[in-house]
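Worksheet: one structure, shown below.
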Number of protein chains: 2
Amino acid sequence: MTFEQLRTFLWVARLGGVRRASEQMNLSQPAVSARLAALEDALKVRLFERSPRGVTLTRQGEMLKDYAEQMFFVHEEIRRRITHPSAIEGTFRVGASETIAQTWLPGFLERLSLEYPRLSVELSVDISVNLRESLLARKLDLALLMGPISDYSVVNIALPDVELSWFQAAGRGQVDFAATPVISYARNTRPYRELVEALFRRYGPGVRVYSSTSLSASIQMIAAGIGVGPYPSMLAGERLRAGQIEQFDPGWLPRPLSFTASYLSEPRNSLAERCADIALEAASQVR
Amino acid sequence: MTFEQLRTFLWVARLGGVRRASEQMNLSQPAVSARLAALEDALKVRLFERSPRGVTLTRQGEMLKDYAEQMFFVHEEIRRRITHPSAIEGTFRVGASETIAQTWLPGFLERLSLEYPRLSVELSVDISVNLRESLLARKLDLALLMGPISDYSVVNIALPDVELSWFQAAGRGQVDFAATPVISYARNTRPYRELVEALFRRYGPGVRVYSSTSLSASIQMIAAGIGVGPYPSMLAGERLRAGQIEQFDPGWLPRPLSFTASYLSEPRNSLAERCADIALEAASQVR
DNA sequence: AGAGGTTACGGGCAGCGTAAGGATC
DNA sequence: GATCCTTACGCTGCCCGTAACCTCT
């Protein structure tokens, strides 16, 4: 009986299939089968009932699952309390929404590589809805998105809000929302819906809203005078100094964007836990 | 980090030396060194301070020891509750005093091999003092002896007392303890000392006592008329029926012999625990 | 035919024992 | 020199991935 056998057993038990576990663990499917067979042979006990559409735990498999989870609880404690961070290796999959990618994500990744010098990072920048989906599908280890994610298996660490301001092309003069398009976030995002709702309530159904999945494309459109829009104050710096855009005040602001660092709690994920902390530090440092 | 690395670490920590652990584990000494080095490399943490006369735990080593012990607690639970007995293999070292070897030990070994068909047994028959010493030196996994062993690390399971009766050669007539040697157990055993004390108290210092480390030699001497002696009633059967010896009653009897099945509790020894139970069953069955 | 799992087989690597090499008393 | 641990070095055996096979829908 080895750790790897038990870990494999747990993933197969959790995901209900050899194939699914093999994908989760970046392993060939026969390798997972072999590990299970080896474990069953080591204990001389049948752990799964095989059926054509997957596997289910036997009574003894259920019992073993409890014990195996206890083992990995202790295992994670060892990693947290004793293992030096430089011993942690493998790939850590981070998902971030673009706002974060454009602000403190570099600082976060720098801290990460400093604390975990042997850990490689796989970064995906996407809209929060997709990040949420990827996290729940275990395609990500940590998601930095507009949260929180309401799911019993997800832990959400609140990150500092991102304040928005209105921006327009420099020297554009008074803004008429009835005539000027508002350039906003991608559809299917919470700030987009909130912005559209606020605009309609204030200026009626005549308001035009452009949406863009790219934050930098948005600010370029604003700079080009195509429209105006709310934009994270802290991102405006360069173009503001270059005199391409300027801030204006229509008398109201969309709500600040609230972000979370979110990760699955299920496999007692101490690495993701610590990385969420690092993200919080990095995000707080910028302000 | 593997189970074997952790197990090796624990033994080195407990015994305070690589060499001692290697003996305990039936492993070459470099193999133990290599396992420790591999563990330290896996955690990227120094676990031992090496000194010329052994090793001592570092602060982090101390912490790991606690976690490792938790791991093996769970590990033992898995063995107890889930592992099929036929999966248990290796060598189980049993020590037994001769009285037991001559009575229910065969029954015990039969039950043992039935429940653990892949377990091989290493049997040592010796006097209880030596068995005690071997057990404490971890040279035995289970000792069936005149117990209990008063040591905080030893668990003693009481076994049924063995009743004694006086025997002499058939047709010898009235026994005069002043003239007839008493053939008894080996020196350095509790029943020997108790017998000598009782004889002196009753018949004065003139009584002669022969001691023998072999129970079957004793009964042969009795049958040959060399002397008389107390002897487990249940062992007398064959020679009694053959008319070689006969029981007699001098009006008193030595106290029954009290036995225990004893094992070390330290490494949460569930196998020894179960085997002690089997021993109790085997011993009780005979009566 | 396709989805899910097992069996067959060759190659790479981890871990063992033997033997030699420090270091400290 | 004795004791204790580490380094060096073949060798074996385990475990992985590829590929073929089995079995239900």
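Just so we're on the same page: letters track the sequence lines, and every chain starts at 1. Everything quoted here is computed from the prediction, not taken from an experiment.
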Protein-nucleotide distance ([X], atom [atom1]; [N], atom [atom2]), rounded to Å:
{"X": "B:M25", "N": "C:dG17", "atom1": "CE", "atom2": "P", "value": "11 Å"}
{"X": "A:Q5", "N": "D:dC16", "atom1": "CD", "atom2": "C1'", "value": "14 Å"}
{"X": "B:F3", "N": "C:dG15", "atom1": "CZ", "atom2": "P", "value": "15 Å"}
{"X": "A:R19", "N": "D:dC22", "atom1": "CZ", "atom2": "P", "value": "21 Å"}
{"X": "B:L39", "N": "C:dG15", "atom1": "CG", "atom2": "P", "value": "11 Å"}
{"X": "B:L47", "N": "D:dT6", "atom1": "CG", "atom2": "P", "value": "12 Å"}
{"X": "A:Q29", "N": "C:dT7", "atom1": "CD", "atom2": "P", "value": "12 Å"}
{"X": "A:E4", "N": "D:dC15", "atom1": "CD", "atom2": "P", "value": "11 Å"}

**OP:** Assign each of B:P30 and B:R35 to its nearest nucleotide of DNA chain C by heavy atoms, then name whichever residue's nucleotide is nearer the 5' end.
**Re:**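 Going by which nucleotide is closer to the 5' end, it is B:R35.
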
Original post:
Can you say whether the rings of A:F108 and A:W104 are parallel (under 30°), tilted (30 to 60°) or perpendicular (over 60°)?
Top reply: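 Answer is perpendicular, since the angle exceeds 60°.
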
Subject >> Plane angle bin for A:F9 and A:F48 - parallel if under 30°, tilted between 30 and 60°, otherwise perpendicular >> reply: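 Tilted: the ring planes of A:F48 and A:F9 meet at 30° to 60°.
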
Original post:
Ion pair present between A:E281 and A:R274, side-chain N to carboxylate O less than 4.0 angstrom?
Top reply: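 Here A:E281 pairs with A:R274 in a salt bridge, since their nearest N and O are under 4.0 Å apart.
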
Original post:
In terms of side-chain heavy atoms of B:R50, which of C:dT18, D:dT6, C:dG5 is nearest?
Top reply: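 So the side chain of B:R50 is nearest to D:dT6.
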
Subject >> Options C:dG17, D:dT6, D:dG17, nucleotide nearest the side-chain atoms of A:A31 >> reply: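 Output: D:dG17.
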
Original post:
Looking across every strand, which nucleic acid part, if any, lies under 4.0 Å from B:A34 by heavy atom: base, sugar-phosphate, or nothing?
Top reply: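 Answer is nothing: B:A34 stays at 4.0 Å or more from every strand.
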
Original post:
Can you find a side chain N or O atom of B:S33 that sits less than 4.0 Å from OP1 or OP2 on D:dT6?
Top reply: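 Yes, B:S33 has a side-chain N/O under 4.0 Å of OP1/OP2 on D:dT6.
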
Original post:
Any idea which heavy atoms bring B:L136 and B:S153 closest together, and the distance?
Top reply: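 For B:L136 versus B:S153, the nearest heavy atoms are CD2-OG, 4.3 Å.
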
